[in-house]
Amino acid sequence: MDITLDEAIDIYARALCAWRKEEAHRDARNEALAYRAIGDEEGYRAWSRVAEKAAILIEERRDDLKRKV
């Protein structure tokens, strides 16, 4: 089964958020910057998208927690 890049980014961001919680965005951003430092723009763009998706997921989780309180 082949998956698209968008699907892979979504899957990885969700897994990273489940594992690292609030640090997921920072970790993905650091990974993106590491790829940029070695000149891998494709890796940089992919990890930047993971970081953006992680930030959205973290914010959604915070909103859900606020509603439960």
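Across every non-hydrogen atom of A51 and H25, the tightest pair is O-CD2, 2.9 Å. When every heavy atom of A24 is checked against every heavy atom of I58, the shortest pair comes out as CB-CD1, 4.4 Å.
Taken to the nearest 0.5 Å, the CD atom of E7 stands 8.5 Å off from the CG atom of D10. With rounding to the nearest 0.5 angstrom, the CD atom of E42 is 10.5 Å from the OH atom of Y35. One distance of note links CH2 of W47 with CG of L33; it measures 12.0 Å at 0.5 Å rounding. Residue I9 holds its CD1 atom at 10.5 Å from NZ of K53, rounded to the nearest 0.5 Å.
Hydrophobic clustering, with ILVMFWY side chains joined whenever heavy atoms are under 4.5 angstrom apart, keeps L57 apart from I11. Hydrophobic cluster membership is shared by L5 and V50, with clusters built from Ile, Leu, Val, Met, Phe, Trp and Tyr side chains linked at under 4.5 angstrom.
Contact check on D64 versus R61 returns no salt bridge, with no Lys/Arg side-chain nitrogen under 4.0 Å from an Asp/Glu carboxylate oxygen. Taking the charged nitrogens against the carboxylate oxygens, E59 and R62 do have a contact shorter than 4.0 Å, which makes a salt bridge.
The ring of W19 has its center no closer than 6.0 angstrom to the ring center of Y12.
Applying the salt bridge (Lys or Arg N to Asp or Glu O under 4.0 Å) test to every pair with at least one member in residues 23-34, sequence neighbours left out, gives these pairs: R20-D27.
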